[in-house]
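Atoms within each ligand, like the ligands themselves, are counted from 1 in listed order.
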Amino acid sequence: MHSASYLRDLEPWYLVGLKDQEKDKKVSTEYQKKLFFQRKEERVINVVKHLSIDPSKISFIEHHLAHLAAAYYTANNITPNKPILGFTCDGAGDGLSATVSICKNNSIKRIRSTDRHASLGKIYSRITMMLGMKPWEHEYKIMGLAPYADEKIANEEAKKLHHLLKLSRDGLSFKLNTNLSTNYCYYYLRDAFERVRFDNIAGAVQKFTEEILVKWVKAAIKKTNIKDIVCGGGVFMNVKANMLIQKIPELNSMYVMPSASDESLSIGAALHYFYNSKKLFNNINGRMHNLYLGSEIKEDELKKILLNVKNKTDFTIRENPDFDDVIGDLLNKGEVVALCRGRAEWGARALGNRSIIAKANSRSIVEKINSQIKMRDYWMPFAPTILDKKFSQCIEDKKNIKPEFMTFALPTKKSAHKNLEGATHPSDKTCRPQIMRKKINDKFYSILNRYCIKYKQYGVLQTSFNIHGEPIVNNAKEAVSTLKRSGLKHLVLENYLISKKSK
Ligand SMILES: [Fe+2]
């Protein structure tokens, strides 16, 4: 784990070059080991204190094993007794930055790994830093910027990244192309991309990442003849790269752990320990059916908040209105509606319980949402939630991925471009869809179903419920506070519809 100083100041971690690499090489391995074990001990103390448990109950699972276990044990494309290929790829963890494994029943057999110095993820995060954004957080903004690049220039510029990192001869691991570690590549990138336009740099790193990932996965399929894959680790948060991987002709099925960065490690570690200590494997129990694993709205808190709102003259409150009709009509009129119901989503994506929804068939709605609440970077697209029975009418999904957790970008069908224009990327017409089924989220499905049938739509635009720069809303108090402080007019809070009176 990084020390707390990382959170205060990123620069010492990123602004390093060859000279620092040479200097750091001189630090003895003994000292590094000592530091590693000291941090490990500190972590044990933290966990013991936080959970009030006996230290003997704590065990460690290696970083990439936990990434893969999170993907493998929650996957929806497992057939019992049939081997599946597992990939992990991230910045780095426990000395590695990528692995390839064969998973079967409760065994995960690693066949190849990549050293942390030859890290694909680290190149991406350093480009993120170089373009003035926050590494480990804003990589998605680089991905969103990439389709605006000039393709020819981006391909040309990507060569500067291929100069740093390549695939091994058998294609199953990444290798440094020079003696410069990706940990220390910041100044190389600065020199290499001096005076190259920002969007073309984004295009270059995205192209490079896509190309190397697709070749890596292809090589592993060829080597093992296993055509079903599961993926974990932060690099697989790159939904555009996932779109290209799933298109590999010889690939049969693909599952990506939702929110595959390090937030998924605890799930992987727990599942790995569980299946191995029990010596059993029944993936049906571990399979991820929904991600509503967060906190609920507490009844007493809700009552208090409602009482507070009732005393204000500028709000109307309706209890149990016919939500499906009322919300559908509001959406159709171009209104933006916030939803705060049930348990909050775990992970990086809002999926309907702490979400803002609006009609998807309008480009101008993007501006409205941004001015009311989101203030999203001007190049970033919004994403749609699509009704299950309409999915195949509007999304190109030959591998039948039907993503429930927004882990893939997919192209929209030409006939649906207009209808989904508020929730697709304006440049390449792809989108990061969430398919909505009744069994995933009954209440959200019900609103969506009525709206889509009544107004002949495929779905709605759906984004996280938060003011720009703030964390996603969690409880009733935060929901009402966000309503008050933003230009939003309507909030569904459990069984109540709170609306601002128009002035
Ligand atoms: Fe990781």
With a 4.5 Å heavy-atom cut-off, do N183 and K122 have their side chains touching?
yes

Name, closest N/O/S atom of D90 to the Fe ion (ligand 1)
OD2

Which atom, among the N/O/S set of D262, is closest to the Fe ion (ligand 1)?
OD1

With a cut-off of under 6.0 Å to the ring centre and 45° to the axis, is R376 in cation-pi contact with F382?
yes

With a distance cut-off below 6.0 Å to the six-membered ring centre and an angular limit of 45° from the axis, does K402 pair with F391 as a cation-pi contact?
no

Have a look at the Fe ion (ligand 1) and estimate, to 10 degrees, the angle subtended by NE2 (H67) and NE2 (H63).
100°

Does a donor on one side chain sit under 3.5 Å from an acceptor on the other, for H67 and D262?
yes

